[in-house]
Amino acid sequence: MGYQLNFAPVWRDFDLLLSGLALGIGMAIVSVLLVGNLIGLVAAFAMTSKHPVLRRVAGIYVTTIRNLPIYFLMLVAFFVLPQQLGVRIDKVHAFVGTLSIYAGAYLTEVYRGALLALPKGLREAGLAIGMTEGQTRIWVIVPVMLRNALPALSNNFISLFKDTSVAAAIAVPELTFYARQINNNTFRVIEVWSVCSLMYVAACYLIAAGLRLAERRLAIPH
Amino acid sequence: MSQPVLEIPVLEILGLHKKFKEIEVLKGVDLSMATGDVVSIIGSSGSGKTTMLRCVNLLEDFQQGSIRIDGEEIGYTAAPERRRRKESEIARQRSMTGMVFQQFNLFPHMTALGNVTLGLLKVKKLPKAEATAIAEKWLERVGMAERRNHFPGQLSGGQQQRVAIARAIAMNPKVMLFDEVTSALDPELVNEVLNVIKSLAADGMTMLLVTHEMKFAYEVSRRVVFMNQGRIEEQGAPEQVFRNPQSTRLAEFLKNAKF
Amino acid sequence: MDFTRFFSDLYTARFALLEGIGMTLIISGIAIVLGTLLGIGVALSLVYGGRVQRFIVRTFLEYVRGTPVFVLILACYYLLSTVIQLTPFQAGLIALTVFCSSHVGENLRGALLALPKGQTEAAKAIGLTFPQTFAYVLAPQALRQALPAWINTAAELVKASTLLAVIGVVELMLTTRQIIALKPRPLEFYFLAGLVYFLICFSIERLGRAVERRIALPS
């Protein structure tokens, strides 16, 4: 029995796929760029601080999350926690929260590496002109550190964006979810999955190109 | 009958002791400077000279002794209490000194002008126009006015160090601290920096310099201090210290330094 | 949390759990082995292959790397189970193997390219053939360089195995859900599953670092 390639059923619902991709990108932006970055910065400073308690807590957070699967964390956030706490939680919110915490652990390592790579004299120069530790951090340390961390940040963002596909398993209406739906309705297996993966590949490529552009724009002239 | 006015030394270090882990790095240092003094500290590595300099602006802490700038106790409250001061107070005290580092440590993400104005804007909280005017004046003074919009990555070592000097001096410090500021420079760039320092000294800036450049120390200083193993071994006028060393170790050091 | 009841439930479920953990380890293990072999092939094609070969492999590689592992798993499952009648286990294994090979291939390629050209030149100068050069000079250095990334890939693979639950492979995640359906203690059993995953991944990391230290060149 021959298999005739027929993309029509896929194109008919292409708008669904596109909306799913948009949701995926949106969730990635909120979880990773916004919340994840914040968590990562705070935890990175905590891990390199003088207070052993802060270092411990941040260290435990990073080690624990990095050794757990995102699928596992998502199920805990969506099924177990609401039941235990007695609240109902929206699936998109549950996933965004999970991905934020997940991303935070990875970004902490990125920022910690960037912090440790800074020359010691940079902080001292800030202190020497009379700025407090806090001022030095805001105006000197973080701007330089962020620029150094950009390549690693980009890589992590793309990887975490791909992880948004896992949300489909709890029926979050993102790209993979719709692809699966179309697959189950039309059985156009080759067509739908090749389009789906192509969309991810294209999205990753565009995001990478965009981030490279940002890197060049933000680069310090030398 | 009027009493004679006693001039408070602009910098006074009394009985400074510092331990690093278990090793005593400073074993009781006393030093006094009046306004306009230019004091050079010489000595071999490990003598504690850089550590002492870094204690003055609290980049290093110290366990015993006191440092006063214009009579104010730096870093810790007076004995017998001896508490470390609040971070915000220490930050304010640091702005009374200006430090120029061996590795320049310019802020790479800001232009030369940005580097010099940062302290004026964020620490002294001056309005932008005033900060820029002061910064430009000092950049002009160190000969870097033309490169005010260049980034450190676009400047040579000597140029960076001159901007670093402008950055420190623009804060109008009471004492300028120089930590081996030419050691990391290529030989041909050393002179442009030394000349700037000489001209600032001539203008009456109070300076404490740690340096390896013996000839420069001889030419610019009012007083030279020789440190050895955490203590001041000898100090005096450059003529005295360089031409007529009293201690054998100083003589040895000068011989090795080929002065 | 009622500990004694939990422990009795745990005891009842012990075989299912062990099977689930076993499945996780087995499928990850096979995927790592096959994926590494395939990945070595990918790296070799990319570094030493001809233009056409490199183009084809590079295209496939970019395609696989740009696709989330979950999509790979679903695609393999739906495609292969309808076309060739593969079981979920087999389809999942293929997906994980392909995923692994893409990471291993890219890392090894990077490691090989990072070797200074002088190494090949020195080997040629003493008369080694290319296969000898590769075996005795290049590969040992590249493998040392690529080891940390490989350890990371292994851990990622174990974490990706959780997604096989969605296509019906009875690994630890699916087992946990099945157990909870019968003995409703979601918090306890999920906590246990999390602990197992943490221990597996953490051990992989630790083992990896120990191996790294063992094979490190004295400096």
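Both backbone and side-chain heavy atoms feed into the values below; hydrogens, waters and symmetry mates do not. Just so we're on the same page: letters track the sequence lines, and every chain starts at 1.
Neither the backbone nor the side chain of A:Thr164 comes within contact range of chain C; no heavy atoms are under 4.5 Å apart. The contact between C:Ala193 and chain A is made by backbone and side chain atoms together, counting heavy-atom distances below 4.5 Å. Only the side chain of C:Glu205 comes within less than 4.5 Å of a heavy atom in chain A; its backbone stays farther off. Using a 4.5 Å cut-off between heavy atoms, A:Ser194 touches chain C through backbone and side chain atoms alike. A:Val76 touches chain C through its side chain: at least one heavy atom from C-beta onward sits under 4.5 Å away, while N, CA, C and O do not. Looking at A:Leu81, there are no atoms closer than 4.5 Å to chain C (heavy atoms on both sides), in backbone or side chain. Only the side chain of A:Asn184 comes within less than 4.5 Å of a heavy atom of chain C; its backbone N, CA, C and O stay farther away. Contact annotation for A:Arg180: only side-chain heavy atoms (C-beta onward) come within less than 4.5 Å of a heavy atom of chain C.
C:Thr162 places no side-chain N or O within donor-acceptor distance of the main-chain N or O of A:Pro69, the cut-off being under 3.5 Å.
Here C:Pro68 is the residue among C:Ala75, C:Pro68, C:Cys201 with the most heavy-atom pairs under 4.5 Å with chain A. For chain A, the option among C:Glu62, C:Glu156, C:Arg177 with the highest count of heavy-atom pairs below 4.5 Å is C:Arg177. For the options C:Phe202, C:Phe70, C:Tyr197, C:Tyr78, heavy-atom pairs under 4.5 Å to chain A are most numerous at C:Tyr78.
For the pair C:Arg14 and C:Tyr11, the distance from NZ or CZ to the six-membered ring centre is under 6.0 Å and the angle to the ring normal is within 45 degrees.
Heavy-atom minimum distance, C:Glu106 versus C:Arg65: CG-NH1, 3.4 Å.
Exactly one residue among A:Thr48, A:Asn37, A:Asn148 makes a side chain to side chain donor-acceptor pair (under 3.5 Å) with A:Tyr111. That residue is A:Asn37.
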Can A:Tyr200 and A:Thr176 be said to form a side-chain hydrogen bond (donor to acceptor under 3.5 Å, both in side chains), step by step? CA-CA 10 Å; A:Tyr200 274 109; A:Thr176 311; 2.8 Å; yes
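For the residue pair C:Tyr63 / A:Ser197, a side-chain donor-acceptor distance below 3.5 Å is found, with atom types taken as modelled. Counting only N and O atoms by type, the side chains of A:Asn183 and A:Trp193 include a donor and acceptor under 3.5 Å apart.
The SG atom of C:Cys76 sits 10.0 Å away from atom CG of C:Leu93, with the distance rounded to the nearest 0.5 Å.
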